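Excluded from the calculations below are hydrogen atoms, water molecules and symmetry mates; all remaining heavy atoms, backbone and side chain alike, are included. Just so you know, these numbers come straight off a predicted model, no measurement behind them.
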Amino acid sequence: MDSAPKKHTTQINSPSTSNSALLSDIKSVIVEARALVRQTVNNTMVHAYWQIGRLIVEDEQLGNTRAQYGKKILKSLSTQLTAELGKGFDVTNLRNMRRFYLAFEKQETLSLELTWSHYNVLARIENPAARLWYMEESAEQHWSVRALERQIGTLYYERLLSSKNKQPVEQEAQEKTQVLVESAKDYLRDPYILDFLNLQDKSYQENELEQGIINNLQQFLLELGKGFAFVERQKRLRFDDEDFYIDLVFYNFKLKCFLLLDLKIGKLKHQDVGQMDTYIRLYDERYTSEGDNPTIGLVLCSEKSEAVVKYSVLSDRKQLFAAKYLAHLPTEEELRIELQKERERVQAQLRKQQE
């Protein structure tokens with residue numbers, strides 16, 4: 001008796017198996033595309049800065065080599081380039097480009113595997129043989145900038161030359177640099193890259209920068225000795241089902257009034273002053289007591305190239321403000337200088353954290 005025919009079954013991949021393969025393919029495309037973008041930016045940036053260094057050196061060789069003249073030229077160049085093209089062209093960076101060209105006058109010797117940050121470190125090495133060796137090793141071993149700095153700082157090249165048994169020296173260097181690998185996040189936050197592309201890293205330019213400035217302005221006002229007392233930070237005001245937040249609120253015991261401070265990262269806009277007027281009205285209605293003088297506002301706008309400070313008072317209180325308040329308040333110019341100084345200081349701190 002014949003047995004029943006066997007049923008044929010078709011093997012169907014589960015959705016998870018199929019998705020896994022698709023996910024892997026898409027990730028590969030993205031990783032490859034990002035690597036290509038990175039390489040393109042690196043090559044373009046290094047080439048551009050080498051060319052700028054060459055132009056500066058050639059200008060000097062035309063007879064313009066006097067130190068005082070050179071300083072004036074670089075300062076003038078820096079001012080004009082920054083105004084027209086954005087950050088990344090301060091006098092120090094222009095000098096770095098000049099030094100880069102002098103260290104690598106033959107452009108064809110440059111390795112396309114390395115970034116401007118690598119070359120900025122390499123150009124400081126005085127020994128040409130050591131400089132070339134570190135460049136080649138950086139490219140071959142895929143050293144990050146931190147790894148390169150570590151090797152230079154520990155005199156890796158010199159120790160290899162003087163060592164009879166090079167294997168322990170090489171092994172130690174390899175182990176130490178494995179923990180100094182650069183991530184994609186590190187690369188994208190590189191301030192040199194952001195400056196070259198005239199971009200801003202919003203993750204710190206607006207959030208951490210703003211908070212850093214507010215912290216220091218709060219301390220600055222408290223230390224003035226003009227009667228300021230801290231009341232609240234990020235004070236919420238609710239109006240027409242919408243929430244508004246005031247960065248800092250102070251009370252001045254000499255003036256017997258509240259001071260509202262609002263910081264903006266960017267240009268001063270007409271609506272910024274109008275918004276502060278709204279804050280003043282709401283605060284007076286809800287929080288001032290009998291015996292308190294009218295609330296005043298302070299709008300501070302911080303840009304990369306300038307700072308603007310404006311006191312805000314309602315139109316019917318301007319005479320009171322001029323006659324009584326100004327004697328106990330820092331001037332707009334004093335606050336503008338402090339704001340600009342604090343922005344530069346906080347930015348320097350944040351850049352240092354990114355290194």
Side-chain angles (χ1 to χ4, degrees), residues 202 204-303 306-343 346:
K202 298 293 183 181
Y204 76 83
Q205 283 284 348
E206 290 189 353
N207 187 13
E208 295 178 49
L209 175 62
E210 183 176 10
Q211 292 307 310
I213 292 175
I214 288 174
N215 288 340
N216 290 290
L217 286 174
Q218 177 180 330
Q219 193 63 29
F220 172 74
L221 288 173
L222 291 176
E223 292 176 352
L224 276 179
K226 293 189 176 184
F228 286 99
F230 175 69
V231 177
E232 194 168 354
R233 188 161 174 164
Q234 290 297 307
K235 173 67 177 177
R236 187 179 74 167
L237 290 177
R238 190 162 185 81
F239 180 69
D240 286 345
D241 295 324
E242 187 175 359
D243 289 327
F244 300 92
Y245 293 87
I246 304 171
D247 288 325
L248 291 171
V249 179
F250 294 88
Y251 189 83
N252 190 290
F253 288 98
K254 294 182 179 180
L255 295 173
K256 297 188 181 300
C257 75
F258 288 97
L259 171 67
L260 313 181
L261 186 151
D262 204 28
L263 173 68
K264 305 290 183 183
I265 300 296
K267 289 185 178 181
L268 178 67
K269 301 176 183 176
H270 177 73
Q271 54 263 41
D272 293 331
V273 178
Q275 187 179 51
M276 178 55 78
D277 288 346
T278 301
Y279 292 167
I280 292 171
R281 292 183 190 278
L282 292 173
Y283 209 90
D284 272 344
E285 291 173 5
R286 300 176 187 180
Y287 299 102
T288 56
S289 304
E290 185 176 351
D292 285 333
N293 284 314
T295 300
I296 56 176
L298 185 58
V299 182
L300 304 98
C301 291
S302 176
E303 287 190 276
E306 69 172 319
V308 178
V309 175
K310 295 289 183 185
Y311 278 108
S312 176
V313 290
L314 301 183
S315 57
D316 58 344
R317 303 171 183 174
K318 289 184 177 180
Q319 186 174 353
L320 171 66
F321 178 79
K324 186 175 181 180
Y325 283 22
L326 284 179
H328 297 281
L329 294 171
T331 66
E332 291 179 348
E333 180 61 13
E334 287 174 333
L335 286 165
R336 187 195 68 78
I337 293 172
E338 185 65 19
L339 175 59
Q340 187 67 26
K341 183 174 71 176
E342 289 303 330
R343 180 189 176 104
V346 173

For residues 249-258, which residue pairs pass the side chain to side chain donor-acceptor pair (under 3.5 Å) check, not counting sequence neighbours?
Y251-D292

Heavy atoms, side chains only, cut-off 4.5 Å: are P294 and F258 in contact?
no

Would you name the heavy atoms of D272 and C301 that are closest together and state the gap between them?
OD2-SG, 4.1 Å

Is there a side-chain contact between N215 and R233 in this structure, where contact means two heavy atoms from C-beta onward sitting under 4.5 Å apart?
yes

Is any side-chain heavy atom of E342 less than 4.5 Å from a side-chain heavy atom of Q219?
no

Could you pull out the closest heavy-atom pair between Y311 and L329, with the gap in Å?
OH-CB, 3.4 Å

From NZ (K226) to CG (L255), nearest 0.5 Å
10.0 Å

Tell me, do L335 and E333 make a side-chain contact under 4.5 Å, heavy atoms counted?
no

Quick check: does any side chain N or O of D247 sit under 3.5 Å from a backbone N or O of Q234, one acting as donor and the other as acceptor?
no

Run the side chain to side chain contact (heavy atoms under 4.5 Å, CB included) check on L263 and L339 step by step: do they pass?
CA-CA 10 Å; L263 173 68; L339 175 59; 4.0 Å; yes

Over all atoms of both residues, closest heavy-atom pair of A229 and F253:
CB-CE1, 3.3 Å

Is it the case that over 12 heavy atoms from other parts of the model lie below 6.0 angstrom from the CZ atom of R281?
no

Who are the salt bridge (charged side-chain N to carboxylate O under 4.0 Å, His left out) partners of K341, not counting sequence neighbours?
E338

Heavy-atom closest contact (S312 atom, D277 atom, distance):
OG-OD1, 2.6 Å

Does a side-chain heavy-atom distance below 4.5 Å link L261 with L221?
yes

Minimum heavy-atom separation for F250 and F228, please, with both atom names.
CB-CD2, 4.0 Å

State which residues pass salt bridge (charged side-chain N to carboxylate O under 4.0 Å, His left out) with D284; sequence neighbours excluded, sorted by chain then number.
R317

Would you say Q275 and D262 make side-chain contact, with heavy atoms under 4.5 Å?
yes

M276 to V299 - nearest heavy-atom pair and separation:
CB-CG2, 3.8 Å

Output, in order, the C-alpha distance, side-chain angles, deciding distance and verdict of side chain to side chain contact (heavy atoms under 4.5 Å, CB included) for N216 and Q218.
CA-CA 5 Å; N216 290 290; Q218 177 180 330; over 6 Å; no

Run the numbers on K235 and Y283 for side-chain hydrogen bond (donor to acceptor under 3.5 Å, both in side chains), then give the verdict.
CA-CA 10 Å; K235 173 67 177 177; Y283 209 90; 5.5 Å; no

E285 side chain vs L282 backbone, donor-acceptor pair below 3.5 Å
no

Flag yes if more than 12 heavy atoms outside K310 fall under 6.0 Å of its NZ atom; otherwise flag no.
no

To the nearest 0.5 Å, tell me how far L314 CG sits from I296 CD1.
11.0 Å

Show, in sequence, the C-alpha distance, side-chain angles and deciding distance for L217 and I213, and conclude whether the side chain to side chain contact (heavy atoms under 4.5 Å, CB included) test is met.
CA-CA 6 Å; L217 286 174; I213 292 175; 3.6 Å; yes

Taking side chain as C-beta onward, heavy atoms only, is T295 less than 4.5 Å from Y287?
no

What verdict does the side chain to side chain contact (heavy atoms under 4.5 Å, CB included) test give for L259 and V249, after you've listed the backbone C-alpha separation in whole Å, the side-chain angles of each residue and the deciding distance to 0.1 Å?
CA-CA 6 Å; L259 171 67; V249 179; over 6 Å; no

